[in-house]
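When reading the values below, keep in mind they use all heavy atoms of this one structure, side chains included, and skip hydrogens, waters and symmetry mates. Order of the sequence lines fixes the chain letters, A, B, ..., with proteins taken first and strands second; residue numbering starts at 1 for each chain.
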There are 2 protein chains.
Amino acid sequence: MSDLLERLRDRGWRLTSQRRVVAEVLDGEHVHLTADEVHARAVARLPEISRATVYNTLGEMVALGEVLEVATDGRAKRYDPNARHSHQHLVCSGCGAIRDVHPDGDPIAALPAAERFGFTISGAEITYRGLCPDCA
Amino acid sequence: MSDLLERLRDRGWRLTSQRRVVAEVLDGEHVHLTADEVHARAVARLPEISRATVYNTLGEMVALGEVLEVATDGRAKRYDPNARHSHQHLVCSGCGAIRDVHPDGDPIAALPAAERFGFTISGAEITYRGLCPDCA
DNA sequence: CTTACTGCAAACCATTTGCACGATC
DNA sequence: GATCGTGCAAATGGTTTGCAGTAAG
């Protein structure tokens with residue numbers, strides 16, 4: 001289970017009840033919650049936790065590289081605890097559901113040198129768009 | 001030049017001075033302006049144009065599929081008039097500059113059936129991240 | 001002449017911040 | 001006991017909306 005929490009602890013992260021709850025709530029496979037959803041679930045376990053703390057905590061986890069920020073282009077950013085395993089996202093244009101997917105091949109390799117304009121490429125994110133079985 | 005404007009006119013779009021100015025300002029290659037930048041440039045040509053109209057107009061062009069919304073994950077959305085030619089984006093992690101790029105191969109084809117979870121895939125967006133020559 | 005676009009200002013929503021209090025090392 | 005995290009509430013920035021006025025077809 002709490003893979004994420006363990007990783008954070010190993011990095012000498014100062015541990016408080018709020019931070020622990022945020023990490024626990026966010027952890028898992030195919031989890032892509034908004035800050036507000038994280039807050040709602042955190043409140044269920046720790047009623048006094050504030051939105052500001054949730055935002056701060058998520059921001060720190062992103063800065064540490066343990067959590068990924070996903071802008072699916074809707075309104076609010078979503079947070080993906082699975083930052084360690086490279087994966088891409090499949091987003092339903094109907095209901096906004098997100099799945100993690102693993103395409104074949106390395107997208108970075110597909111970008112020819114002539115198309116790099118002198119940039120040093122450090123990563124690539126792919127968002128597949130489509131309709132899920134329920135929305136089709 | 002005003003390819004975008006022409007396309008919009010062909011679709012029977014009601015033409016007003018404001019809309020024309022927005023389309024003109026936005027058109028071109030490698031153009032990725034924020035709504036606010038569009039407004040600033042539009043004001044230079046048509047001083048009374050309001051932010052609300054710029055937002056409405058951009059939203060309509062996006063709904064018509066003639067303009068692409070690009071969420072580079074920074075603060076404001078950017079608008080790309082080049083919705084007709086499939087291309088991907090290269091974003092500088094330093095200064096936020098954007099370049100259009102054309103990778104080899106079709107990213108959709110790289111997603112195996114087993115990874116589609118019953119979704120009907122309609123498109124894929126790739127964002128390459130890196131440092132531009134100036135920021136490196 | 002009718003319909004639809006525009007401008008204004010106020011509303012909205014997600015997120016950030018300043019600051020005093022409280023908990024951790 | 002010094003430092004750092006937390007909570008509150010207010011501020012911010014981007015975007016949307018309601019409504020009266022105005023222009024396009």
> What are the atom names and distances for every N/O pair under 3.5 Å that joins the protein to nucleotides 23-25 of chain C?
residue, atom, partner, partner atom, Å
dT24(C), O2, Arg14(A), NH2, 2.7

> Which heavy-atom pair separates Pro107(B) from Tyr128(A) by the least distance, and what is that distance?
O-OH, 3.1 Å

> Does OP1 or OP2 of dG7(D) have a side-chain N or O of Gln18(A) closer than 4.0 Å?
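Result: yes.
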
> Starting at CG of Leu46(B) and ending at C1' of dT6(C), how long is that distance when rounded to a whole Å?
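Result: 11 Å.
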
> From CZ of Arg20(B) over to C1' of dC5(C), roughly how many Å is that when rounded to an integer?
15 Å

> Within this structure, what is the CD-to-C1' distance between Glu69(A) and dT16(C), rounded to whole angstrom?
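Between C1' of dT16(C) and CD of Glu69(A): 13 Å.
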
> What is the separation between atom CG on Leu8(B) and atom P on dA4(C), rounded to the nearest whole Å?
18 Å

> Decide if the gap between the ring center of His102(A) and the ring center of His85(A) is smaller than 6.0 angstrom.
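No: the rings miss the under 6.0 Å criterion.
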
> I'd like to know whether Asp80(B) forms a side chain to side chain contact (heavy atoms under 4.5 Å, CB included) with His89(B), so could you lay out the CA-CA distance, the side-chain angles of the two residues, the decisive distance to 0.1 Å, and finally the verdict.
CA-CA 10 Å; Asp80(B) 184 335; His89(B) 292 116; 2.8 Å; yes

> Measure the acute angle between the ring planes of His32(A) and His30(A), then classify it against the limits of 30° and 60° as parallel, tilted or perpendicular.
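Judged by the thresholds at 30° and 60°, the geometry between His32(A) and His30(A) is tilted.
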
> Please say whether more than 12 non-hydrogen atoms of neighbouring residues, nucleotides or ligands are located less than 6.0 Å from CZ in Arg41(B).
no

> Any chance you could list the contact pattern along nucleotides 8-15 of chain D? Use B for base contacts, S for sugar-phosphate-only contacts and - for none, protein heavy atoms under 4.0 Å, 5' to 3'.
B----SSB

> Expressed in angstrom and rounded to an integer, what is the separation of Arg9(B) atom CZ from dA24(D) atom P?
14 Å

> Atom CZ of Arg19(B) and atom P of dT22(D): how far apart are they, to the nearest Å?
19 Å

> Could you point out which residue of Glu66(A), Glu6(A), Glu60(A) forms a salt bridge (charged side-chain N to carboxylate O under 4.0 Å, His left out) with Arg11(A)?
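Single salt bridge (charged side-chain N to carboxylate O under 4.0 Å, His left out) partner of Arg11(A) among Glu66(A), Glu6(A), Glu60(A): Glu66(A).
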
> Using the test salt bridge (charged side-chain N to carboxylate O under 4.0 Å, His left out), find all partners of Asp36(B) that sit at least two apart in sequence or belong to another chain.
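By the salt bridge (charged side-chain N to carboxylate O under 4.0 Å, His left out) rule, Asp36(B) matches Arg51(B).
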
> Can you find a pair of side-chain heavy atoms, one from Arg45(A) and one from Glu24(A), that are under 4.5 Å apart?
yes

